[in-house]
Amino acid sequence: VQLQAYGGGLVQAGGSLKLSCAASGNNIIINLMGWYRQAPGEQRELVATILHTASGDRIQYDPSVKGRFTISRDNAQNTVDLHMNRLKPEDTAVYYCNANIHTPAEGSVSYWGQGTQVTVSS
């Protein structure tokens, strides 16, 4: 099982960026997907998560990004996106994709993608 993250980069304050993450593997079932970030000298923190249920997706945002960031997923493609708008310098961090993935061989395991740098200049 692998998680591959894309996107990130350098943007001016007020700008937008999109992060994408794709999960791959055999016989995988994904319920929870999300994005976390870690700024220099800080602990990794939750940005947004999206849980797929039979009745629809349940979404959670950190208060600092609510209203500016939008998380979405494509269950057929096993991807999760994070659209980031009105970016602020304090959003600067390494962003990590995370997914709880079930396989017949290993059961449910939490996987992390490689980090992708987001830098917002003032």
Side-chain angles (χ1 to χ4, degrees):
V1 177
Q2 281 192 326
L3 287 182
Q4 182 70 43
Y6 306 89
L10 173 64
V11 66
Q12 288 188 333
S16 300
L17 282 175
K18 175 186 171 183
L19 304 181
S20 297
C21 178
S24 60
N26 294 323
N27 301 316
I28 62 173
I29 298 174
I30 306 173
N31 47 27
L32 184 68
M33 302 187 83
W35 290 93
Y36 292 72
R37 66 186 180 187
Q38 188 169 17
E42 302 290 333
Q43 290 191 344
R44 192 172 298 187
E45 63 178 12
L46 180 148
V47 176
T49 59
I50 183 166
L51 174 67
H52 181 63
T53 72
S55 58
D57 291 335
R58 297 180 188 175
I59 294 174
Q60 178 185 4
Y61 294 103
D62 181 82
S64 67
V65 307
K66 197 169 185 179
R68 300 188 296 122
F69 292 10
T70 301
I71 189 170
S72 61
R73 64 188 286 174
D74 184 327
N75 296 312
Q77 299 294 324
N78 292 328
T79 59
V80 61
D81 293 337
L82 186 68
H83 291 82
M84 304 183 291
N85 298 314
R86 304 200 310 272
L87 282 159
K88 303 176 181 180
E90 50 263 46
D91 294 319
T92 295
V94 177
Y95 284 69
Y96 295 91
C97 172
N98 174 264
N100 286 346
I101 299 176
H102 177 89
T103 61
E106 298 187 1
S108 291
V109 178
S110 178
Y111 291 90
W112 292 92
Q114 87 284 10
T116 183
Q117 178 71 45
V118 171
T119 302
V120 184
S121 63
S122 58

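Just so you know, residue 1 is the first one in the sequence shown, and it goes up from there.
Hydrophobic clustering (ILVMFWY, side-chain heavy atoms < 4.5 Å, transitive): M84 and I59 are in one cluster. Connection of Y111 to I28 is established within a shared hydrophobic cluster, with ILVMFWY side chains joined at heavy-atom distances below 4.5 Å, either directly or through further cluster members. With hydrophobic clusters built from ILVMFWY side chains whose heavy atoms lie under 4.5 angstrom apart, L46 does not share a cluster with L32.
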>> Walk me through whether T119 and Q117 qualify under side chain to side chain donor-acceptor pair (under 3.5 Å).
In response: CA-CA 6 Å; T119 302; Q117 178 71 45; 3.2 Å; yes
> Hey, mind stepping through L82 and T70 against side chain to side chain contact (heavy atoms under 4.5 Å, CB included) and telling me if it holds?
Replying inline: CA-CA 6 Å; L82 186 68; T70 301; over 6 Å; no
>> Go through it in stages, so that I can follow the logic: the residues are T92 and V118, the test is side chain to side chain contact (heavy atoms under 4.5 Å, CB included), and I'd like the CA-CA distance, side-chain angles, deciding distance and then a yes or no.
In response: CA-CA 5 Å; T92 295; V118 171; 5.9 Å; no
>> Please determine whether side chain to side chain contact (heavy atoms under 4.5 Å, CB included) holds for the pair I101 and S108, giving the CA-CA distance in whole Å, both sets of side-chain angles, and the decisive distance to 0.1 Å.
In response: CA-CA 5 Å; I101 299 176; S108 291; over 6 Å; no
>> Working note: V47 + V65, criterion side chain to side chain contact (heavy atoms under 4.5 Å, CB included); need CA distance, chi angles, decisive distance, verdict.
In response: CA-CA 7 Å; V47 176; V65 307; 4.1 Å; yes
> After noting the C-alpha distance and the side-chain angles of S16 and N85, does the key distance pass the side chain to side chain donor-acceptor pair (under 3.5 Å) rule?
Replying inline: CA-CA 4 Å; S16 300; N85 298 314; 2.9 Å; yes
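Across A13 and S122, no two heavy atoms sit closer than the pair CB-CA, 4.4 Å. Heavy-atom minimum distance, A48 versus I71: O-CD1, 3.6 Å. When every heavy atom of A93 is checked against every heavy atom of A39, the shortest pair comes out as CB-N, 3.8 Å. For the residue pair G9 and L17, the shortest heavy atom distance occurs at O-CD1, 3.9 Å. Between A23 and L3, the shortest heavy-atom distance links the atoms CB-CD2, 3.4 Å.
With hydrogens and angles left out, the side-chain atoms of D74 and T79 include no donor and acceptor closer than 3.5 Å. H52 and D57 are linked by a side-chain donor-acceptor pair at a separation below 3.5 angstrom, with hydrogens and angles left out of the test.
In this structure, T116 contributes its side chain and G7 its backbone to a donor-acceptor pair below 3.5 Å. Between the side chain of Q114 and the backbone N or O of A5 there is at least one donor-acceptor pair closer than 3.5 Å. Of the possible polar contacts, none joining the Y61 side chain to the R68 backbone as a donor-acceptor pair under 3.5 Å is found. Panel note: side chain N98, backbone S110; no donor-acceptor pair is recorded below 3.5 Å. Judged purely by atom type and a 3.5 angstrom limit, T49 has no side-chain atom pairing as donor or acceptor with the backbone of M33.
By the 4.0 Å N-to-carboxylate-O rule, R73 lies too far from D81 to be salt-bridged with it.
For the side-chain contact (heavy atoms from CB on, under 4.5 Å) with L19, the qualifying choice from F69, Y95, Y6, Y96 is Y95, the only one to do so.
Annotation for Q2: atom CD does not count as buried by contact number, only 12 or fewer foreign heavy atoms lying within 6.0 Å.
Side-chain contact between V11 and V120 is present, with heavy atoms from C-beta onward closer than 4.5 Å. Side-chain atoms of P40 and E42, non-hydrogen and from C-beta on, never get closer than 4.5 Å to each other. The shortest side-chain heavy-atom distance between R37 and D91 falls under the 4.5 Å cut-off.
The structure places CG of N75 at 7.5 Å from CD1 of I50, a figure rounded to the nearest 0.5 Å.
Under the 6.0 Å cut-off for aromatic ring centres, Y36 and W112 qualify, their centroids lying closer than that.
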